[in-house]
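As the structure lists them, so they are numbered: ligands from 1, and atoms in each ligand from 1.
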Amino acid sequence: MPMAPPVLSDCRKKFINVLPEQQLGEEHSSLESFRKAVEIVPRKRKEFSLIVVTNGNRILLGLKHRGFGKGMYNSFGGKLEQGEDSVVAACRELHEETGICVTMKHMTESKIGILHFTFDDDPTEMCVHLFRVNIYCNDHVTVETASSSEQIVVDPLTIRGCDEITPEWIENFFHIPLHNMFADDSIWLTYLLASEKKVCLDGWFHFLEGGQEVNTIRHHFVDIKTDTNSESPQSQTMTLEKRLFHRLHSKNIVSPSPKEFNEAWAFANVVKKSLPCKDLDCVIDVAGGHGALAAILLITTAATRAVVVDPAQVGRDSVRRAWADFFPEKELRYRHECLRSGLPAELESALKTTSCDRILVVACHACQHLSDETVKLSCKFGVHA
Ligand SMILES: Nc1nc2c([nH]c(=O)n2[C@H]2C[C@H](O)[C@@H](COP(=O)(O)OP(=O)(O)OP(=O)(O)O)O2)c(=O)[nH]1
């Protein structure tokens, strides 16, 4: 059964600087209900472009120095010039404000919706054409999967601002400065960034009087279309390491912590460099706790099964909850038992179905006694450790 798309309010809980609910107004479930509540019919309409720029799980935001939104962070864009098409305007504004060049073809494919803004104290409706551009930085040699035939490769040193705006990379987009951005960003931008699927948005936001100082929405309605067959642009370009990290964060998993995840990732890489993992079948992670190391080895090697031997029950199966779809048809088990009895039992059982050179015992911790015991037992059974 296809998974239901996430709810707007659930997505924003994952971001640390999200604005308080009082500033985000009432959420409507249909445009009709939104229009009825707002009552005001705008008399004029102005068109703008807005381009969200990401690179994996980083986002490029601009700090505005003048005009609308001065002193706040926003994505890039501006007014459409007389008779100008929204795609042409988006290419022009992105280049003017960041130096990034995107072809018309790519910008056309990057259009993801429209945002409509109305105000209690202004009869003009702002109609913002929304684009989502995911760039590849050519100092990031780690990009693993690039599905688009025409990638936007940017030399990060060429990114520059102008007198109106200064671009700045936010390394983890769950940390974007939403408290210093337009209130609607806490609603739609969080959804866009948190979604692992490609989304198109039609957003309607009605603001209270008072402009950016008050920055408060009275009513909103966001119509979201999720393309369940298509990964979001950031998922396509994220390295596997970032995708795994991102998944832990987006599911609010605290065990493994970011530090433990980094350690497990680094440890797995060292193990893979020093051992012939091509024909690996079984991984035994001794005192492996939450099981991140075992799972990373399952995901990144040919191993088909892994078992975590640890008397402590750590993380309550968090790793499987977060990453199960990264190792489909592979098995991750937990054996809650001490090393002395659990490891030999697992080794004996594994050796019944596979050869010793296809079994790997790993242990990532600082206890000399535990390490000695692990190596001694592994040597006794003739497996890699
Ligand atoms: N994220 C977000 N962006 C908004 C909101 N409202 C709004 O106009 N924008 C965007 C659309 C445009 O990209 C930008 C406003 O355009 P601008 O006033 O900077 O236009 P411009 O660059 O042509 O300005 P200028 O040269 O005439 O000073 O802000 C909003 O509520 N949220």
* Please verify whether a non-hydrogen atom of Glu93 lies at under 4.0 Å from ligand 1. => yes

* Asked: What protein heavy atom sits nearest atom 27 (O) of ligand 1, and how far away is it?
  -> Lys79 NZ, 2.7 Å

* Asked: Would you call Arg92 and Glu81 a salt bridge, taking side-chain N to carboxylate O under 4.0 Å as the test?
  -> yes

* To do: Taking only heavy atoms of Phe117 into account, list the atoms of ligand 1 that are under 4.0 Å away from them.
  => 5 (C), 6 (N), 30 (C), 31 (O), 32 (N)

* **Residue selection (non-hydrogen contact nearest atom 8 (O) of ligand 1) among Lys70, Met126, Glu96** => Met126

* Mind checking whether Gly78 has an N or O less than 3.5 Å away from an N or O of ligand 1? -> yes

* Asked: Below 4.5 Å, heavy atoms only, C-beta onward: do Pro177 and Leu61 meet side chain to side chain?
  -> yes

* To do: For residues Ile176 and Ile59, determine if any side-chain heavy atom of one lies less than 4.5 Å from a side-chain heavy atom of the other.
  => yes

* **Phe68-Phe182 aromatic ring centre distance below 6.0 Å** => yes

* **Nearest candidate to atom 4 (C) of ligand 1, where distance is taken over non-hydrogen atoms, out of Asp185, Asp184, Asn74** => Asn74

* Protein contact of atom 13 (O) of ligand 1 - nearest heavy atom, named by residue and atom, plus distance -> Ser49 O, 2.7 Å

* To do: Among all protein heavy atoms, pick out the one at the shortest distance from atom 28 (O) of ligand 1; state its residue, atom name and that distance to 0.1 Å.
  => Arg66 NH1, 3.2 Å

* Asked: So, Phe261 versus His290, ring centres under 6.0 angstrom or not?
  -> no

* Structure fact -> Sequence neighbours excluded, the answer for side-chain contact (heavy atoms from CB on, under 4.5 Å) partners of Thr374 is Val286, Leu339, Leu343, Val361, Ala363, Ser378

* Are Lys44 and Glu125 close enough that some pair of their side-chain heavy atoms sits under 4.5 Å apart? -> no

* Structure fact -> Here the atoms of ligand 1 under 4.0 Å from any heavy atom belonging to Trp188 are 1 (N)

* **Within residues 7-28 or reaching into it, pairs that qualify as ring pair (Phe, Tyr, Trp, His ring centres under 6.0 Å) - sequence neighbours excluded** => Phe15-Phe174, His28-His219

* Asked: Which ligand 1 atoms, with their elements, are less than 4.0 angstrom from a heavy-atom of Lys64?
  -> 17 (P), 19 (O)

* Which of the listed options, Phe205, Phe68, Tyr73, Phe48, holds the heavy atom that is closest to atom 6 (N) of ligand 1? -> Phe68

* Structure fact -> atom 22 (O) of ligand 1 has as its nearest protein heavy atom Glu164 OE2, 3.1 Å

